[in-house]
Visitor: 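I'd like to ask some things about the structure below.
Computed from heavy atoms alone, side chains included, the values below leave out hydrogens, waters and symmetry copies. Lettering follows sequence order; numbering is per chain, from 1.
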2 protein chains.
Amino acid sequence: MLEARLQQGSLLKKIIEAIKELVTDANFDCNDSGIALQAMDNSHVALVALLLRANAFEPYRCDRNLSLGISIANFAKLLKCGANDDTITIEADENGDSLNLTFENETGDRTSQFELKLMDIDSDHLGIPETSYDAVVKMSSAEFQRICRDLSTLSESVTIDCTKEGVKFQAVGDLGAGNITIKQGASIDQEESTTIDLQQNCSLTFSLKYLLNFTKATPLASSVTLSMSNEVPLLVEYKINEVGFVRYYLAPKIEE
Amino acid sequence: MLEARLQQGSLLKKIIEAIKELVTDANFDCNDSGIALQAMDNSHVALVALLLRANAFEPYRCDRNLSLGISIANFAKLLKCGANDDTITIEADENGDSLNLTFENETGDRTSQFELKLMDIDSDHLGIPETSYDAVVKMSSAEFQRICRDLSTLSESVTIDCTKEGVKFQAVGDLGAGNITIKQGASIDQEESTTIDLQQNCSLTFSLKYLLNFTKATPLASSVTLSMSNEVPLLVEYKINEVGFVRYYLAPKIEE
DNA sequence: TTGTCAGGCT
DNA sequence: AGCCTGACAA
């Protein structure tokens, strides 16, 4: 039996929007500490990890571990049936063949209930090692999105170089070439300011199509963290205040 | 060697937006007095002339005359990679096979560089005679845009009549007919006020498709000047404060 | 390629 | 506050 009530329903909507393009079906693993999801994207190139801590909900109740196989696309459809400032409650009972969604508006004079059929999903549960990275860049999520969007007009892929001076995004294409350099900590605004935690310079190349996809999570956080080591998958993390995170992993393109 | 730095980058973006629909490739002629462009539109019906004076830039440096063959479409793409309040620097070196674009944000913690490949373009350099016109109408650019937009729902072409009383725009089409008359000096606001400098009444008919295209320059100036003489191409001019102008020329339709 | 939706600008 | 442009999904 799971019961989880989320005051800020828009949060769940945004989270599902942030992953639905990449993952069509996935297991939501629920236990008393919260709800987690881990899944390879449809083309088995990227990996998505999501955590919603129990204390994000009020109340939160989960008697025993449950793995809810959810069609993300259908879940997203049902979530659109709730208004942004509705409270959302999700419930699953013991037999676990369906998920109940309840929307309540602020004044409490409207209640909507939806039932989502659950499915059996083979979980390719990859253990993700908690690595330490050579470079950890924290920057404005909007700026990261803008950079990915701009550079994708030039090329399919971007090379990210991290040095003490800053982080440089480069793309080369038919109509020309472009690079964008962000210096560390120049901005005064704390949230917007870029910080670079550098153990070692690194240079990696990634598919812009995937990065652009990751930036669907931009509405969830004002900043994003890019963690890199040479020849190791990039970690792109959006921390959601007091709630949890959405993380994306993407392997670098290998130099030929 | 050309180096030109424009504080208000949005200006260049707007200028290119104002001409890109008409002209896909054109030579930018640079000398020590500034940057100029003259080109027939793709269908060789209209003519576009652009001037950016050297003093619009700070600094401006152009050692020797250069003719930069630019794909306007690609230039526009790269310009979109800069934010509106970025400073833009354009540079071209001696061999002139590429143009460098640099964007810097206000705080200076982000620098973006883009390289645009140049091309060889045959310039059909038409000398434009500095005529004196029978009627010169200065009016609100927004109002002119609105008139063109409204009348193009009625017809393909508009007839403009200038008399002492004012300027009348007429269109006749299948669903009916319409005309809009602007009287001289009706508005109090100086910039918005319409003035008509009339030597002789005139009446000319133009393609609305082209006029509508010219009004892409509306964001560049609050007023527009229409200069007309019977059976002579119309001159539509947007003066850009302290910077230069965008001019469009369009031959009238001939009465059958 | 078209229609819908969100964000930015005037 | 309204209009317009750009982005995103079907």
Visitor: Take the protein atom NZ of B/Lys14 and the nucleotide atom C1' of C/dT10, then report the distance between them rounded to whole Å.
Guide: 10 Å
Visitor: Counting only heavy atoms not in B/Asp174 (residues, nucleotides, ligands), do more than 12 fall under 6.0 Å from its CG?
Guide: no
Visitor: Roughly how many Å is it from CD in A/Glu21 to P in D/dA10, rounded to a whole number?
Guide: 7 Å
Visitor: Could you tell me whether B/Glu104 and B/Arg110 make a salt bridge, using a distance below 4.0 angstrom between a side-chain N and a carboxylate O?
Guide: no
Visitor: Can you tell me the distance, in whole Å, between the CZ atom of A/Phe214 and the P atom of D/dC8?
Guide: 15 Å
Visitor: Can A/Glu115 and A/Lys117 be counted as an ion pair, charged N to O under 4.0 angstrom?
Guide: no
Visitor: Are A/Lys216 and D/dA9 close enough that a side-chain N or O sits under 4.0 Å from OP1 or OP2?
Guide: yes
Visitor: Expressed in angstrom and rounded to an integer, what is the separation of B/Asn84 atom CG from C/dT10 atom C1'?
Guide: 13 Å
Visitor: What is the distance from CD of A/Glu17 to C1' of C/dA6, rounded to the nearest Å?
Guide: 13 Å
Visitor: Looking at A/Asn74 and A/Leu78, would you say the former's side chain and the latter's main chain have a donor-acceptor pair under 3.5 Å?
Guide: no
Visitor: Grab the CG-C1' distance between A/Leu212 and D/dA9 for me, whole Å please.
Guide: 14 Å
Visitor: Expressed in angstrom and rounded to an integer, what is the separation of A/Arg146 atom CZ from D/dC8 atom P?
Guide: 12 Å
Visitor: Could you tell me how far apart B/Lys77 (NZ) and D/dG6 (C1') are, to the nearest whole angstrom?
Guide: 15 Å
Visitor: Output the single nucleotide from D/dC8, C/dC9, D/dA7 whose closest atom is nearest the side chain of A/Arg149.
Guide: D/dA7
Visitor: Where the side chain of B/Lys80 is defined as all heavy atoms beyond and including C-beta, which of D/dA9, D/dC4, D/dG6 is the nearest nucleotide?
Guide: D/dG6
